[in-house]
Amino acid sequence: MSNKTTVSPSTRIWKRFKSHRRAYFSLVVFGFLFFFSLFAELFSNDKPVVFSYDSKVFLPLIIEYPETDFGGDFQTPADYLDPFIRELLEDEGDWVVYPLNRYSFNTINYFSPYPNPAPPSSVNLLGTDDRGRDVLARLIYGFRISVLFGISLTVIGVVVGVFMGAIQGYFAGKTDLFIQRFIEVWGAIPELYLLIILASIFEPGLLILLFILSLFGWMGLSDYVRAEFLRNRNLDYVTAAKALGLGSRKIITRHVLPNSLTPVIAFLPFRMSGAILALTSLDFLGLGVPSSTPSLGELLAQGKANLDAWWISLSTFAVLVSTLVLLVFIGEGLRDSLDTRKAS
């Protein structure tokens with residue numbers, strides 16, 4: 001009697017992915033950076049995380065306090081970068097916990113001794129931009145926005161692309177022909193011109209960009225899903241399911257779709273890197289998010305406009321390239337792990 005245990009396909013895929021050291025290391029690093037950015041307010045903010053004054057605990061990240069609550073002179077919200085407020089908290093307060101970087105993405109350092117854009121220093125580790133905002137803070141928050149935008153655009157593109165490709169491939173015939181002609185016409189619409197027109201009508205924002213890019217981002221993936229469905233629809237297990245009286249919806253969702261997702265999964269990191277690059281490019285051209293929103297593309301545009309401020313373009317370029325490289329390595333690992341010809 002054999003003592004071999006049955007290993008599920010997903011387990012074999014995961015083992016092959018872990019054996020791909022570069023991809024697995026990239027996944028760990030990217031996951032850590034993204035998780036870190038999700039809690040950016042705790043690590044990069046112009047407010048203390050928590051402090052105690054007169055035996056009372058204050059949570060400035062959640063509640064806005066006037067400076068009179070801890071010895072200030074005005075009822076206005078406290079400016080925790082003000083040397084006077086800092087002296088109150090550190091000398092007269094019980095204790096205070098500051099973030100690692102004491103600036104948020106929109107904080108202007110009015111107390112910098114250097115003209116803007118200021119070079120890297122012990123106060124601003126990566127310097128400031130041309131408006132006096134901390135570059136490190138804008139990189140952290142910009143990275144988070146870029147990744148979240150990439151995930152959102154990828155999810156929408158995958159859902160729509162899989163749906164359209166499944167309909168084309170499974171039903172084929174006139175349905176496939178009609179949708180293919182629609183895709184050809186829809187794909188001929190100049191996406192950049194549409195963005196320029198809408199940017200002149202509406203105020204640019206993440207939701208508008210996500211909507212416009214989602215209108216076109218599904219077409220490439222639908223071709224792969226269509227091809228997989230055309231190949232699988234005539235296999236024996238699909239014919240047997242039809243003979244048993246199963247409806248088209250159940251056959252698609254239970255049988256054909258799970259066996260057609262290999263190219264979808266393998267392309268996810270590459271689609272995500274394309275979405276991040278698209279957002280960065282549009283921001284660089286001034287067609288993306290408002291300038292007040294932290295953005296890698298906006299920082300690159302500032303670096304182009306201020307060539308002497310090398311720290312802006314160099315640090316932004318390093319973050320962008322590192323992000324794309326990590327995603328490409330993850331994609332390579334997924335592609336190899338899903339290849340059935342690889343040894344388990």
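By the neighbour-count criterion of 12 heavy atoms within 6.0 Å, atom CG of L207 is sparsely surrounded, having that number or fewer from other residues, nucleotides or ligands. In D91, the CG atom is crowded: over 12 heavy atoms of neighbouring residues, nucleotides or ligands sit closer than 6.0 Å. Residue F317 places its CZ atom among 12 or fewer non-hydrogen atoms of other residues, nucleotides or ligands, all under 6.0 Å distant. Counting heavy atoms of neighbouring residues, nucleotides and ligands inside a 6.0 Å radius, atom CZ of F25 does not exceed 12 of them. Within a 6.0 Å radius of OH in Y114, no more than 12 heavy atoms belonging to other residues, nucleotides or ligands are found. Counting heavy atoms of neighbouring residues, nucleotides and ligands inside a 6.0 Å radius, atom CZ of F35 does not exceed 12 of them. Under a cut-off of 6.0 angstrom, the local environment of CZ in F216 is crowded, with over 12 non-hydrogen atoms contributed by other residues, nucleotides or ligands. More than 12 heavy atoms of other residues, nucleotides or ligands sit less than 6.0 Å from atom CZ of F84.
Connection of L296 to V328 is not established within any shared hydrophobic cluster, with ILVMFWY side chains joined at heavy-atom distances below 4.5 Å, either directly or through further cluster members. Residue I156 is grouped with residue L148 when hydrophobic side chains (ILVMFWY) are merged at heavy-atom distances under 4.5 angstrom, including chains of intermediate members. Clustering ILVMFWY residues whenever any of their side-chain heavy atoms sit less than 4.5 angstrom apart, transitively, puts I63 in a cluster other than the one holding F74. A chain of hydrophobic side-chain contacts below 4.5 Å, direct or via other Ile, Leu, Val, Met, Phe, Trp or Tyr residues, connects L100 to V50. Neither V123 nor I140 shares a network with the other; the hydrophobic side chains, linked directly or stepwise wherever heavy atoms of I, L, V, M, F, W or Y lie under 4.5 Å apart, form separate groups for each.
For the pair K47 and Y80, the cation-pi criterion (under 6.0 Å, within 45° of the ring axis) is not fulfilled. Stacking of K56 on the aromatic ring of Y65 is not recorded, the 6.0 Å distance cut-off and the 45° axial limit not both being met.
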Test S260 against N232 for side chain to side chain donor-acceptor pair (under 3.5 Å), laying out the working first.
CA-CA 8 Å; S260 305; N232 293 329; 2.9 Å; yes
Could you walk me through whether L209 and F149 pass side-chain contact (heavy atoms from CB on, under 4.5 Å), step by step?
CA-CA 9 Å; L209 287 178; F149 182 85; 4.1 Å; yes
Walk me through whether N124 and L136 qualify under side-chain contact (heavy atoms from CB on, under 4.5 Å).
CA-CA 8 Å; N124 300 103; L136 176 59; over 6 Å; no
Residues M272, I151; criterion side-chain contact (heavy atoms from CB on, under 4.5 Å); working and verdict:
CA-CA 6 Å; M272 188 171 169; I151 292 174; 3.3 Å; yes
May I have the step-by-step check of side-chain contact (heavy atoms from CB on, under 4.5 Å) for L300 and I312, ending in yes or no?
CA-CA 7 Å; L300 287 176; I312 300 178; over 6 Å; no
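In this structure, L153 and S214 have side chains that are in contact, with non-hydrogen atoms separated by less than 4.5 Å. Residues S337 and W14 have side chains not in contact (no heavy-atom distance under 4.5 Å, counting atoms from C-beta outward). Using a 4.5 Å cut-off on side-chain heavy atoms (C-beta onward), I252 and F229 make contact. The closest side-chain heavy-atom distance from V147 to S37 is not below 4.5 Å. L42 places a side-chain heavy atom less than 4.5 Å from the side chain of F39. No side-chain heavy atom of E87 sits less than 4.5 Å from a side-chain heavy atom of E92. Considering only heavy atoms from C-beta on, L81 stays 4.5 Å or farther from Y110 through its side chain. Contact of the R226 side chain with the Y170 side chain is not registered, since no non-hydrogen atoms from C-beta on lie closer than 4.5 Å.
Residues passing the side chain to side chain donor-acceptor pair (under 3.5 Å) test with D223: none are found, sequence neighbours excluded. Residues satisfying the side chain to side chain donor-acceptor pair (under 3.5 Å) criterion with R22, sequence neighbours excluded, are E332. With sequence neighbours left out, the side chain to side chain donor-acceptor pair (under 3.5 Å) criterion links T316 to no other residue. Judged as a side chain to side chain donor-acceptor pair (under 3.5 Å), and not counting sequence neighbours, the contacts of E184 are R181.
Salt-bridge check for R16 with D336: failed, with every basic side-chain N at 4.0 Å or more from each acidic carboxylate O. At a threshold of 4.0 Å, the pair E41-R144 counts as salt-bridged, since one of the basic side-chain nitrogens sits closer than that to a carboxylate oxygen.
Partner of K242 under the side chain to side chain contact (heavy atoms under 4.5 Å, CB included) criterion, out of L244, L246, V238: V238 alone. The side chain to side chain contact (heavy atoms under 4.5 Å, CB included) with P48 is formed by just one residue from the set V96, L59, L61, V97; it is V96.
Scanning both residues, G169 and R233, for their nearest heavy atoms gives O-CD, 3.0 Å. The shortest heavy-atom contact between R138 and S292 is NH1-O, 3.9 Å. Scanning all heavy atoms of the two residues, the minimum distance from R133 to F105 falls at CD-O, 3.8 Å. The two residues N101 and S44 have their closest heavy-atom pair at ND2-OG, 3.0 Å. When every heavy atom of L327 is checked against every heavy atom of P269, the shortest pair comes out as O-CB, 3.3 Å. Between N116 and R131, the closest heavy-atom pair is ND2-C, 4.0 Å.
Between the CH2 atom of W186 and the CE atom of M219 there is a distance of 8.5 Å, given to the nearest 0.5 Å. For the atom pair OH (Y141) and CG (N106), the distance works out to 8.5 Å, reported to the nearest 0.5 Å. Residue L320 holds its CG atom at 7.5 Å from OG of S146, rounded to the nearest 0.5 Å. Here the CD1 atom belonging to I330 is positioned 8.0 Å from the CG atom belonging to L334, to the nearest 0.5 angstrom. Residue I13 holds its CD1 atom at 6.5 Å from CD1 of I265, rounded to the nearest 0.5 Å.
Ring centroid separation for the pair F70 and F51 comes in under the 6.0 Å cut-off. In summary, the aromatic rings of W218 and F163 are positioned with their centroids too far apart to meet the 6.0 Å limit.
Evaluation of the side chain to side chain donor-acceptor pair (under 3.5 Å) test over residues 266-288, restricted to residues two or more places apart or in two chains, returns D283-S295. For the ring pair (Phe, Tyr, Trp, His ring centres under 6.0 Å) condition, the pairs that include at least one residue of residues 247-281, sequence neighbours left out, are Y224-F267.
Using modelled atom types, one finds no donor on one side chain facing an acceptor on the other under 3.5 Å when comparing D134 with T128. For the 3.5 Å distance criterion, the side chains of Y103 and N109 qualify, holding a donor opposite an acceptor.
At distances below 3.5 Å, not a single donor-acceptor pair connects side-chain atoms of S322 with backbone N or O atoms of V319. A side-chain donor-acceptor contact under 3.5 Å links W311 to the backbone of A118. Distance alone, capped at 3.5 Å, places no donor-acceptor pair between the Q302 side chain and the D129 backbone. No donor-acceptor pair under 3.5 Å is formed between the side chain of N306 and the backbone N or O of D308.
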